[in-house]
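These notes are about the structure you will find just below.
Each chain gets a letter, A, B and so on, in the order the sequences are listed, and its residues count up from 1. Side chains included, hydrogens not; waters and symmetry mates left out as well; all remaining heavy atoms used.
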Amino acid sequence: MSLLTTLARLEAVHQDRAQPLATVRHRHLSDRPMVVVPLAAAGEDGAPLAAMLGTDRDAPRLHVVPQPLDRDQRFAFLAALAGDLLPYLEGYGEETEQVEGTEKDPETGERLPVVRELCADAPQLVVPNSAGVHHLGLLGRSTRFRRTADDADAGPYPVPSRVPLLGRWLTHLRERAEVPGSSMLLAMTALLGRHWATGQSHLEDQHLGALLAWIAPPPGLGGAEAARYAESARDGRGQLHCPPAGPATDPRFDEKLLGPAVARHDAARAALRAAPPGEAARAEAHVRRTADEVRGLLEQVLRPTWDQVWRGLDLLRALPPGARVAERWEGDRWSYTGHRERLAAGEPPQPRFDDAVTAARKLAQREREQARLDLQEALDDPLAMAEHRLSGEAFAGTVEAVEAAYDTSGRTPKPRPLVTVRTGDRPHADPGREVHRVWGPPGEDGAAPAAQKAEVVRHDPAEGTVVLRLTSGMGRRREPEPGTVPQPGDRVCFTLFELSVRQAAPLPDPQNTPWTHGGPPGSASAVPGPRPGGPHTGGPHTGGPAAAAAADEEWE
Amino acid sequence: MNPADPTASPGAAADRVTAEILAAVLSGTERGVVVDSPPGAGKSTLVVRAARELVAAGERLMIVAQTNSQVDDLVDRLATAAPDLPVGRLHSSDGRPAPEALRHAGVTASPRIGDLAEQQVVVSTAAKWQWVKDVDPWRHAIVDEAYQMRSDALLAVARLFERALFVGDPGQLDPFTVVGTDQWAGLSWDPSRSAVTALLDHNPGIRPHNLPVSWRLPYSAAGLVSRAFYPFTPFRSGTGEGDRRLTVGAAGDGGPVDAVIDEAAESGWGLLELPARHTVRTDPEAVHVVARTVRRLLDRGLAAVSEKGTAPVTADRIAVGTAHRDQAAAVRAALTGLGVPVDGSPGPAVTVDTANRLQGREYDVTVVLHPLSGRPDATAFHLETGRLCVLASRHRHACIVVARAGIAELLDEHPSTEPVQLGVSVKFPDGWEANHAVLAHLAEHRVGLR
Amino acid sequence: MNDSHPGYASHGSAEPPAQRLAGLRGPAPQRSLDARALAALAANPGCRRRALLDAAGVDKTVLAERLGSPAPFGRSPFAIARGNVFEARVKADGYAELLLLLQRHLGLPEPDADGVAVPDLLPRAGTAVRAERTRQALAEAAARPGRWTLLDHPMLRLDVAGSPAHLEPDAVVVRPDGRWTVVEIKSFPILDGSADPAKVGAAARQAAVYVLALREAAAELAGVKPGDGPYDEPEGPAAAPDPTVLLVCPRDFSNRPTAAVVDVRRELAVTRRQLRRMTRIDRILDALPADAGFDLSTADDGTPARTDGQLADAVAAVPAAYAPDCLSTCELGFHCRREARCADAVGQLGRSVRGELGSLRTVGGALAAAAGGVPGRGARDGGGPAHDGGPADGGAGGPADAVDEAAARLARAAALRAEALAEGGLRP
């Protein structure tokens, strides 16, 4: 944790209320986010129990699995979930814009203009916490390989055709959530944690109710007390006032309420199976009643979290968006557009494992996006820039003096003015070090000023001055273009890091995977799947056609 | 074969391993040859020798190193050892190679690979090699500091060569990333692991060679470093007990700083221990003690007596190692305040840097600010074995560690809640054990401050 | 899978500390060192409060309730049912699935015509009897090379900080090659060859304790002393316990078992040194007031042996090393958090926070330092740095400088924060 964050947390303890960690909102928020609050069956990773979802806070939709071990009920749940989610996910594919770009001709190497289609907007799922993100990933993994009745070899348990499609979308969203700064699948605890510091630890912040209690405590309560209430207060029946945000349920809820209700449902179903024809209608009604009872219980424990997620969205919407948030959202739109195109092209579901090249590509993308995110947050938010100033990677101050100077080494003299900046910051600005000027928000004409570099000439920490020689961004003439050189009294900020993100180096095509990494996927020399653990062999072997292998696995 | 066979002379043992390595490079059946080299075991010498032998055999060769300073250093060594060898230094368009690399007549530098087609050896960083295209693959490559190279970087450059010699120190710092990579944990091609582990997993026929002798570390250090950091691949020092000495010109002033210098000159190790206290990273007291120790090292006129003869220990033969950059900056400021040069451009200067940047470097005497000194808690970063290994193995004669008391207790209270990924082999040694081994040894050379 | 039904041990050893510990606990049965206690030890080895209560075998769940901060732990009946069904499936048909997994993952031959010996380990007997029976069974198995022996829920003994602890692994297999392998059966899945690293880590640490206990048993059988170095591997018959354990889990989304071998050498070294260097319980006992006690029992008329206030005093007499991680590993986590908050300790925000603050230990102190170093908060430019690195004049910096350094850093951070908030249009 950085010292600035620590300080904010200390202040939060002192004030008994969360403190801001950002002056702007650093993530895109959709006008119509899809909030999903999933619950999982205890003791069984990835087994769904319920989900409350929707884009209207006043009209959540609820899907439940009254008997979590029942395969048919599970598929019915997933089909219903797909029925709710897929129209939302696919709906953003309808409106597109044309974007001009260039593409290299593989034959000639020439850059040719191309026009590509980009979806005008993209879906956004918001779940309560990162465990919810993980759970959606598991749902994606467990469904995307399922065979449907439409498949030639449907297998013994075909599922509705929308189910594997949902799995592929969830898998894509889960993957995208790993990309720093992306906003297609967001965890509310992470969102709030980025923007506020509470007076508790990061670990305790994973409890959405407690986190919100610090940020917006109910009237008359302090953050610490409100958080403690959210964590542990129980009613007369021993049930939490603020049930956990899932996907796991409170064990005491399972024991006292859910367990007995599921047992009654089981008994009703057994009774129905045993019922003589004349009694069937009544037995069926009883099954429905018991299912409704389970449903009612789950609705009760889901509703508080549902409201919390929307409350979190309200709080975040009150923050103005960072200037570069839209640019990052465009990355999400490209990602969405690309996935939609792959589905349309009939590509197979995402494999269980990335091959060597795909993994390396994804890592490179994530590192690039992390760098971009750090950079853009610093440019958008003085509090984020303050982190760099504190660590000596940036400095801000007031221009004290400007002295015209020129580089006369070439044929024509070039402007190289000397700028003296007074600053209380202590940058690691050794003489000769290159620094980069941070411009304020673009002016009214919207045109961003040219990038400007400078070189440190002198740095006197005791005096609090840095003398810089501007080396670029002043136009091509002998005298600098107006407005490009700061004037005495101007407020300036420079960073020791570059203000653009370097491109990642090219990687081979997967079919050209080199011998050092096992050769092309599927080749004889490729080592399949995870390495055998430790000194013994016999780890799981995968590698082969994933879909076929996975289709055999069954829930029991 | 036991590489640490104590019956053979160090030179003979090292020569035998080197001969095996060169034979494997020139005519082995595996496309890859891996050499594990403990600190100062002649890794660079091996690289230069392998390069010369390959060229002598009529081969063209590319060399991959990880940082620009490593590349410049290698070019300098190659050109010094073989002045008539045409060496190409491929560099990025906005980078300038160091003057040491360019001072040789046989060295040509360019940002374009096309300009270097005539050079029999071309050296560059992995990052630059990744962008090279439209060339015929080299038959041979040497990858230096291969344990610091990431698997994804190897994936990107492996198309450029048919066979390769990978040389590196498995005990130093692992490559890392700041983004999530859990989904690839356990996969043999996990892009965030080291290049060597990926290579070995995919080519089970490759058996790493171990260089058995450290020529840098003195007798007093090789045993400890081998035991603490290389428990399963032991090595020994090339010099014997008492072969390396430090003589001290001026007598001590009776203070603890001089006492620890005397102790280190005598035994090769010194621990200058400050009273226990929780401090911020840039503990001013400890930083000041580090600076004063360096000042006194210079003032007292030390001389290094070794198999190379006797030479004064000048500022450029001394390094200060820290865990964090702000600590290095604080030490530099304190040294400047004491009139000790820390900027190498005008003349000899003391090197002050973090463990990451000291990797692969060598000095007569090092002064180390212990990574755990004054900390209220130990983190995985501070416990990382490679960090301590780098700091404790840069010296030819002596190492002085400055630390606050209480590190042993801190280690005892350190939680062990590391996650375990299935299929990922355990990395040894454990940071805790390595730290304790070093601490226990240092305790025998302790001088208390107040 | 025994974490849901901890075993109980009879108190018995006649050593004085053990007696003292039994006295502290009162008539309640001694809690064994179950999975949660082991996890709490790993997560906070330096906590004396935890060390003492675990050594005395006090039921911390009940204690936490009496202190007014009940522990939030519990297992869902669904999870327990699923776990039991899974374990039963692994062991069904004479351990058929388990034996197959052992053969496949450890490269072992099929049992011969003699089959697998499954000795009766007297599961309903007392802990001491069960431990002795396990020891016998291991000795018998070792005397019959070439045969499979499967010990289902054996009872092992291990000395922890001077007091004996009892451990119950899911299974230990004596293989035909003479090695002993610990088997841990867990209900989290292995999905596509990988599993939740936090859960595998916990299982590995748990298994390492079992291997350690087995090594002591093997050394005792062989009549040798266990080695002391971190990487020492025993030799001869004492080397029988294998530091590679078999983790058996449901596969993917099914209830079918699969397995993975886990090398626990590192956890073994960690556990061994933690146990070896753990503050001796007798020293903690010596620091305890004479009248302190943790007797949670109540008389027949409902009168508690000790009032809640007395219990709170006794707990307060043993120093804790609270960190937020305790909330997920120790039953007393919520109690100790309340205590840390009352003390205004910076540690309530996490371990890493302390590293930033040096010797500043309270929230109030840190904030005072942050406010103190800045004359006229916000008016920074031109003010010059409040403090510079350290003394450069030759006078050694004293402890006061170290505090000043932390304070100066905080003050700088506070000034930057105020400036940035103002610039961003928020109140400073």
Inset, instruction - Please assess R266(C) against V420(B) for the test side-chain contact (heavy atoms from CB on, under 4.5 Å), listing each intermediate value before the final yes or no. - result: CA-CA 11 Å; R266(C) 187 205 276 265; V420(B) 173; over 6 Å; no

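Counting only distance, with no hydrogens or angles, the side chain of R205(C) and the backbone of E418(B) share a donor-acceptor pair below 3.5 Å.
The number of heavy atoms from other shown groups lying within 6.0 Å of CZ (F176(B)) does not exceed 12.
The shortest distance between side-chain heavy atoms of T329(C) and T417(B) does not fall below 4.5 Å.
Interface summary for chain B: among R409(C), E267(C), E356(C), the most heavy-atom pairs under 4.5 angstrom belong to R409(C). Contact tally against chain C (heavy-atom pairs below 4.5 Å) for G374(B), A291(B), S416(B): the top residue is S416(B). Comparing A202(C), A260(C), G201(C) by how many heavy-atom pairs each has under 4.5 Å with chain B, the most go to G201(C).
Proximity to chain B (any heavy atom under 4.5 Å) is shown, for A43(C), by both the backbone and the side chain. For T379(B), no part sits under 4.5 Å from any heavy atom of chain C, backbone or side chain. Neither the backbone nor the side chain of P275(B) comes within contact range of chain C; no heavy atom of the residue lies under 4.5 Å from a heavy atom of that chain. At a 4.5 Å heavy-atom cutoff, the contact between L247(C) and chain B is made by side-chain atoms alone.
Taking both residues in full, the closest heavy atoms of P45(C) and P415(B) are given as CD-CA, 3.8 Å, listed atom of the first, atom of the second, then distance. Considering every non-hydrogen atom in both P376(B) and G358(C), the closest pair reads CG-O, 4.2 Å. The two atoms that bring L357(C) and V280(B) nearest to each other are C-CG1, 4.2 Å, heavy atoms only.
Put simply, NE2 on H414(B) and CG on N44(C) are 11.5 Å apart, with the number rounded to the nearest 0.5 Å. The structure places CG of D182(B) at 9.5 Å from CG of D196(C), a figure rounded to the nearest 0.5 Å. Atom CZ of R351(C) sits about 8.5 Å away from atom CD of E413(B), to the nearest 0.5 Å.
Salt bridge status for R354(C) with D377(B): absent, with no side-chain N to carboxylate O gap under 4.0 Å.
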